[in-house]
Protein chains: 2
Amino acid sequence: MRTMTTPPGRAPAPARRDAEATKAAILKAARHFLARHAHADITLKDVAERAGVSPPLILKYFGNKDALFARVMSFDTDADDLLDAPLDDLGRHMVRHVLSSQRERGADPLLRIAFAPLHGDHGDVLRANFRAQVTERLAARLTGPDAGLRAELAVAALVGLGVMYGIARGPHLRGTGTDAVVDRYGPAVQAQLTPGREATG
Amino acid sequence: MRTMTTPPGRAPAPARRDAEATKAAILKAARHFLARHAHADITLKDVAERAGVSPPLILKYFGNKDALFARVMSFDTDADDLLDAPLDDLGRHMVRHVLSSQRERGADPLLRIAFAPLHGDHGDVLRANFRAQVTERLAARLTGPDAGLRAELAVAALVGLGVMYGIARGPHLRGTGTDAVVDRYGPAVQAQLTPGREATG
């Protein structure tokens, strides 16, 4: 829990962490609260405590609370990895990426959007980022009719997979190997990206 | 907002509401808070105020706060409608049901599961209900291998559709007619229910 890059079984003292691991721990803690409390109710002290760092260290790395949450509410970096595959294999790649993010990092590239209702006006920031950085960016790669709709439906399927895995904790999904889930769910996502070519999967 | 059965443009005085409309307004208000605040932070007074009724009226209809939230955390009634179609048409029916619930009632049969992290131990009640009343109930109707997994993946796709419509507010999805969305997304859901027979959609 305390850092994202520590091998299992090792718990280095804070002093031994490098800056990247510390930043990652802070972001992970902030994401935790983003899913559970309104923006206004989250304090830097809460985040610092959960991350195992001091509040001044958060200020050093991120400037202030708003800057930290602007970072946490961005999908940019996650979308780089999510979308990093040729279009013909993108459905399977995205399903695999959602599952491996959940399994290996206890995170999800997309799931933060589900918590927009908690955050009032800040929820609109999440929505606008999600649209610009994920769905419209995907739509720009698609050809054929209804590209915008098809991008939203493909992303909808991925968000739902994250909800089923990380929130509903579906026992069958969690008990099935990644490859088998990719085989079953990847073609359904791909059908939105390249309709009429589903059979290639 | 004040009742779920009033035609647009009419706002009857509370005294003219029948009991069913009042109960529906109370449940809708309780669902609103379930998506935004921890169970412990929600008061009957909040729910009453939003529903436009008095707290004693809530007690009259539901007994107490725990009983009200037990009702709000149940998927039983919604699942009756969601699953009410022959298996060969169930994918399209479920997509249509999610969209029409969002469009006509500002509600969703499944989306409450996304808010489980807010509710601590009560989140586990939501998860257990979701499993027993939705995914396992659907799985019991499926034949062939991996029925439990396929049911979870079909429901995942539907939950994601609800997130995209009701939370992310995807503009393409919201701007497209229900039939057109059913045509594009229904077959992807159906492919989980009756794999190998997708082409019938």
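Since this is a predicted model, take the numbers as computed values, not measurements. Protein chains get the first letters and strands the later ones, always in sequence-line order, with residue 1 at the start of each.
- The choice from B:G123, B:G148, B:A180 that makes the most heavy-atom pairs within less than 4.5 Å of chain A is B:G148.
- In this structure, the side chains of B:E152 and A:P171 come closer than 4.5 Å at one or more pairs of heavy atoms.
- Nearest heavy atom pair, residue B:A114 against residue A:I167, reads O-CD1, 3.6 Å.
- B:R36 CZ: more than 12 foreign heavy atoms inside a 6.0 Å radius.
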* Report the C-alpha distance between B:I113 and A:V163 in whole Å, list the side-chain angles of each, state the deciding distance to 0.1 Å, and finish with yes or no for side-chain contact (heavy atoms from CB on, under 4.5 Å). => CA-CA 8 Å; B:I113 190 61; A:V163 173; 4.1 Å; yes
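- Only the side chain of B:F130 comes within contact range of chain A, with at least one heavy atom under 4.5 Å from a heavy atom of that chain.
- Although no hydrogens or angles enter the test, the distance criterion places no donor-acceptor pair under 3.5 Å between the side chain of A:Q192 and the main chain of B:A188.
- A:V155 touches chain B through backbone and side chain together, each having a heavy atom under 4.5 Å away.
- Considering CG of A:L153 and NE2 of B:H172, their distance stands at 10.5 Å, rounded to 0.5 Å.
- Smallest separation of non-hydrogen atoms from B:A168 and A:R131: O-NH2, 3.5 Å.
- Counting heavy-atom pairs closer than 4.5 Å to chain A, the top residue among B:L173, B:V159, B:L126 is B:L173.
- Proximity of B:L118 to A:H37: side-chain heavy atoms (C-beta onward) are nowhere separated by under 4.5 Å.
- Between the A:R169 side chain and the B:R127 main chain, no donor and acceptor come within less than 3.5 Å of each other.
- Side-chain contact check for A:D146 versus B:T176: every heavy-atom pair is 4.5 Å or farther apart.
- Heavy-atom distances place no part of B:D41 under 4.5 Å from chain A, backbone and side chain included.
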